[in-house]
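To start, the structure under review is shown below, and the notes come after it.
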Amino acid sequence: MSHWQSISPRTTDVGGIPVARVLPVKERRTIGPWCFLDHIGPAEFAPGERGLDVGPHPHIRLQTFTWMIEGEILHKDSLGSLQLIRPGQVNLMSAGHGIVHTEESVPDTARLHAAQLWLVLPPEQEEMAPRFDHYPTLPRWQEQGAELTLLIGEHDGQQAPTLAFSPLIGLDIHAPAGARLTLPLNVHFEHGLFPLEGSVTIDGTPLAAEHLAYLAPEQQSVEVQLAPGARLLLIGGEPLALEPTIWWNFVSRDRAAIIQADEEWRSGSRRFGPVPGYDGARLISPPLPWK
């Protein structure tokens, strides 16, 4: 039987939508290279309501990872990327040296549900040229009564096509009719389990809604039970040797790099270019806590 810690969420606002944030929080900053997890929605919008609207904002030294469950989000960035993400797809933006992007729900979206995560880039990739990748097709299979989708990394002989720079896993488990299954775990990884929909128990103990279950390394498997219609997200990776600093939309092992990036964002440096096709104001960074 596995041993796990329950981590409480904090509620915040992203683009006009309340979200549950379970990484980073006081109890847990990272799970492998995963350093951020927002559960967006499920949110419902009245006809004509604006929905999600996140204006231009910068990132450095991380990957943004969006897993779409319901609705559609339009991604635009300073590379000129224009990509609609639909349910069952992943958007992956590798910021590297620096990138700016926006996110908007499309007009007449009635319901929006997604998980948005960040991945810390390893030191040798921190200053890579920024890039954007879209994955409309991912490995999917049925197992022990559940529908599994491998979002990134490896699991039980399956390999996702998603660009990864370190050993890790992201797995969606959906049980329309309910399911009980034993998930093998990489003993070198730490893992997190997060209920995206419905009721979930882990090794017979209920996991509270919007709470993250943290499993330390050296565990070989975990038994999960999903009520009918429930959906569970599994993330994991090798523990980081050095936790990064996460401030606003910047991630770095070097605080000086965050200070420099913030100065360049505020000054309108060419490092952080405009987002073509977005009509709206840039987001302004809050005051740095170290100055």
Side-chain angles (χ1 to χ4, degrees), residues 12-17 19 33 35-36 38 40 50-68 72-86 89-107 114 116-136 152 162-165 244-291:
T12 185
D13 178 281
V14 173
I17 296 178
V19 303
C35 66
F36 183 94
D38 270 2
I40 302 173
R50 182 70 182 95
L52 178 76
D53 185 7
V54 183
H57 60 282
H59 289 290
I60 63 166
R61 298 186 172 187
L62 59 80
Q63 293 176 292
T64 65
F65 182 103
T66 303
W67 166 234
M68 205 71 213
E72 298 176 343
I73 292 177
L74 182 62
H75 164 96
K76 300 173 184 173
D77 63 41
S78 51
L79 301 176
S81 311
L82 179 67
Q83 181 63 58
L84 188 66
I85 181 174
R86 296 185 169 92
Q89 301 180 349
V90 162
N91 271 1
L92 184 71
M93 186 179 74
S94 303
H97 180 65
I99 196 168
V100 182
H101 75 137
T102 64
E103 294 166 295
E104 306 163 81
S105 51
V106 300
Q116 186 157 74
L117 305 99
W118 297 353
L119 288 155
V120 184
L121 285 170
E124 60 273 17
Q125 301 292 343
E126 285 181 340
E127 290 295 308
M128 66 179 283
R131 59 181 284 175
F132 175 79
D133 295 276
H134 174 68
Y135 298 94
I152 191 169
T162 320
L163 180 68
F165 293 104
T245 295
I246 302 169
W247 177 80
W248 194 47
N249 296 303
F250 300 131
V251 168
S252 178
R253 294 170 180 84
D254 177 11
R255 186 176 289 180
I258 291 179
I259 295 171
Q260 176 69 26
D262 181 60
E263 289 175 352
E264 293 193 58
W265 172 247
R266 287 173 174 269
S267 68
S269 162
R270 292 174 57 188
R271 177 181 183 182
F272 298 114
V275 176
Y278 182 85
D279 183 19
R282 301 192 329 160
L283 301 188
I284 304 300
S285 59
L288 279 162
W290 317 298
K291 298 184 76 173

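All of these numbers come straight from a predicted model, not from anything done at the bench.
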In Å, rounded to the nearest 0.5 Å, how long is the span from [atom1] of [X] to [atom2] of [Y]?
{"X": "Thr245", "Y": "Trp290", "atom1": "OG1", "atom2": "CH2", "value": "5.5 Å"}
{"X": "Thr162", "Y": "Gln63", "atom1": "OG1", "atom2": "CD", "value": "10.0 Å"}
{"X": "Gln116", "Y": "Thr66", "atom1": "CD", "atom2": "OG1", "value": "4.0 Å"}
{"X": "Trp67", "Y": "Ile85", "atom1": "CH2", "atom2": "CD1", "value": "8.5 Å"}
{"X": "Arg282", "Y": "Thr102", "atom1": "CZ", "atom2": "OG1", "value": "13.0 Å"}
{"X": "Arg255", "Y": "Gln260", "atom1": "CZ", "atom2": "CD", "value": "16.0 Å"}

Suppose the criterion is salt bridge (Lys or Arg N to Asp or Glu O under 4.0 Å): which pairs have a residue in residues 94-105, not counting sequence neighbours? Arg50-Glu104, Lys76-Glu104
Any side-chain heavy atom of [X] within less than 4.5 Å of one from [Y]?
{"X": "Phe250", "Y": "Pro58", "answer": "yes"}
{"X": "Phe165", "Y": "Ser94", "answer": "yes"}
{"X": "Trp265", "Y": "Asn249", "answer": "no"}
{"X": "Asp53", "Y": "Tyr278", "answer": "yes"}
{"X": "Val90", "Y": "Ile152", "answer": "no"}
{"X": "Leu283", "Y": "Val54", "answer": "yes"}
{"X": "Leu62", "Y": "Thr64", "answer": "yes"}

Not counting sequence neighbours, which residues clear side chain to side chain contact (heavy atoms under 4.5 Å, CB included) with [X]? List them please.
{"X": "Pro286", "result": "Trp247, Trp248"}
{"X": "Asp254", "result": "Arg61, Ser252, Ala256, Ala257"}
{"X": "Gln83", "result": "Asn91, Phe132, His134"}
{"X": "Leu79", "result": "Asp77, Ser81, Ile99, Pro130"}

Arg86 meets the side chain to side chain donor-acceptor pair (under 3.5 Å) criterion, sequence neighbours left out, with Glu72
Take atom CG of Asp13 as the centre, draw a 6.0 Å sphere, and report whether it contains more than 12 heavy atoms from other residues, nucleotides or ligands.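 Above 12, so yes.
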Which pair of heavy atoms, one from [X] and one from [Y], lies closest together, and at what distance?
{"X": "Pro56", "Y": "Val275", "value": "CB-CG2, 4.3 Å"}
{"X": "Ala261", "Y": "Ile60", "value": "CB-CD1, 3.9 Å"}
{"X": "Val251", "Y": "Cys35", "value": "CG2-SG, 4.2 Å"}

Is the backbone of [Y] close enough, under 3.5 Å, to the side chain of [X] for a donor and an acceptor to pair up by distance?
{"X": "Tyr135", "Y": "Leu163", "result": "yes"}
{"X": "His57", "Y": "His101", "result": "yes"}
{"X": "Ser78", "Y": "Val100", "result": "yes"}

Ring geometry between Trp118 and His59 (parallel below 30°, tilted from 30 to 60°, perpendicular above 60°): perpendicular
